[in-house]
Amino acid sequence: FYNGWILFLAVLAIPVCAVRGRNVENMKILRLMLLHIKYLYGIRVEVRGAHHFPPSQPYVVVSNHQSSLDLLGMMEVLPGRCVPIAKRELLWAGSAGLACWLAGVIFIDRKRTGDAISVMSEVAQTLLTQDVRVWVFPEGTRNHNGSMLPFKRGAFHLAVQAQVPIVPIVMSSYQDFYCKKERRFTSGQCQVRVLPPVPTEGLTPDDVPALADRVRHSMLTVFREISTDGRGGGDYLKKPGGGG
């Protein structure tokens, strides 16, 4: 139902977004149409740290990636003129792919490294010339194991190339209300924590590996904290088999 409902909402959004054509401002329309989904499932999303978003400049958001439910947290906190960078396969996901394209979502073919690098270079210019923010999941794929996969470095190269801040966002574990293996999807709570921006001014490509590791470490620390404090993810990480 969750996936089908999103496809249905995309059908409704397409003609509205098509009036502008492909435009990042259409992301506001998608956000408004998706915000109610949490109520359908009784999921309470608590946002903390939203004041950390830089008020009037481009930046790169990096966030952990657990499942398609990330969409709920993303829409709750999505800043203005911010679009995700997504795998190219999403473009062919029926009505959802077309709606995303109209909203300015940036698609990357991860299997073709040369094309991905070229797109990132174009995105760096777009950030600066069109006052756009981008949202990246640096793990590169969904991760259900209660921790975080090693970060791919594309988002960090992008931020360094454009000399714009990185804003880390952490979503608590969904294990309190969702488990794909157990086929369980109930009501529950999720916390979304916006961390202070990490500046990149003066950094070079040589600094990217250390930058990515530092940001991942800070995000993983917060993920463990908010996934065990009873306000997002329950005590999943304390259970056998939880993340480490």
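Computed from a predicted structure; not experimentally measured. Every heavy atom of this structure was used, including side-chain atoms; hydrogens, water molecules and symmetry mates were not.
In this structure, the separation between OG on S218 and CZ on F223 is 14.0 Å, given to the nearest 0.5 Å. Here CE of M171 is found 9.5 Å from NE2 of H65. Values are rounded to the nearest 0.5 Å. The distance from the CE atom of M219 to the OG atom of S63 is 5.5 Å, given to the nearest 0.5 Å. Note: K87 NZ to F137 CZ = 11.5 Å, rounded to the nearest 0.5 Å. Taking CD1 of I43 as the start and CD1 of I37 as the end, the distance is 9.5 Å to the nearest 0.5 Å. Here the CG-SG distance, from L30 to C17, works out to 5.0 Å after rounding to the nearest 0.5 Å.
Between the R31 side chain and the N26 main chain, no donor and acceptor come within less than 3.5 Å of each other. At distances below 3.5 Å, at least one donor-acceptor pair connects side-chain atoms of S95 with backbone N or O atoms of L7. Without hydrogens or angle criteria, E139 side chain to F151 main chain gives no donor-acceptor distance under 3.5 Å. No donor-acceptor pair closer than 3.5 Å links the side chain of S227 to the backbone N or O of R224. With Y41 contributing its side chain and F177 its backbone, the two residues share no donor-acceptor pair below 3.5 Å. Looking at D207, its side chain never comes within 3.5 Å of a backbone N or O of L203 through a donor-acceptor pair. Looking at R22, its side chain does come within 3.5 Å of a backbone N or O of W101 through a donor-acceptor pair. Of the possible donor and acceptor atoms, none in the side chain of R216 sits under 3.5 Å from a partner among the backbone N and O of L211. The backbone N or O of V47 lies less than 3.5 Å from no partner atom in the side chain of Q191, so there is not a single donor-acceptor pair. R20 places no side-chain N or O within 3.5 Å of a backbone atom of L102 that could act as its donor or acceptor partner.
The hydrophobic clustering, which links ILVMFWY residues whose side-chain heavy atoms are closer than 4.5 Å, places V16 and V11 apart. The cluster map of Ile, Leu, Val, Met, Phe, Trp and Tyr, joined by side-chain heavy atoms under 4.5 Å apart, puts L72 and L40 in the same cluster. One hydrophobic cluster holds both W5 and I29 under the rule that ILVMFWY side chains link at heavy-atom gaps under 4.5 Å. Residues W92 and F8 are members of one and the same hydrophobic cluster, defined by side-chain heavy-atom contacts under 4.5 angstrom among Ile, Leu, Val, Met, Phe, Trp and Tyr.
Between R153 and P209, some side-chain heavy-atom pair lies under the 4.5 Å cut-off. Side-chain atoms of V77 and W135, non-hydrogen and from C-beta on, do get closer than 4.5 Å to each other. Under the 4.5 Å side-chain criterion, counting only non-hydrogen atoms from C-beta, F156 is in contact with I166. No side-chain heavy atom of V136 sits under 4.5 Å from any side-chain heavy atom of V61.
For K38, the NZ atom counts as densely surrounded, since its 6.0 Å shell holds more than 12 non-hydrogen atoms of other residues, nucleotides or ligands. The local environment of CZ in R184 is crowded, with over 12 non-hydrogen atoms from other residues, nucleotides or ligands closer than 6.0 Å. Counting non-hydrogen atoms of neighbouring residues, nucleotides and ligands closer than 6.0 angstrom, the CZ atom of F1 exceeds 12 such neighbours. Annotation: H36, atom NE2; neighbour count of heavy atoms from other residues, nucleotides and ligands within 6.0 Å is above 12.
Scanning all heavy atoms of the two residues, the minimum distance from G97 to F107 falls at O-CZ, 4.2 Å. Of all the heavy atoms in P55 and R133, the pair that sits closest is O-NH2, 4.1 Å. Between H52 and V194, the closest heavy-atom pair is CD2-O, 3.0 Å. What you find for A86 and V105 is that their closest heavy atoms are CB-CG1, 3.9 Å. Here the closest non-hydrogen pair linking N64 and Q66 is ND2-NE2, 3.6 Å. A155 approaches V60 most closely through the heavy-atom pair O-CG1, 4.1 Å.
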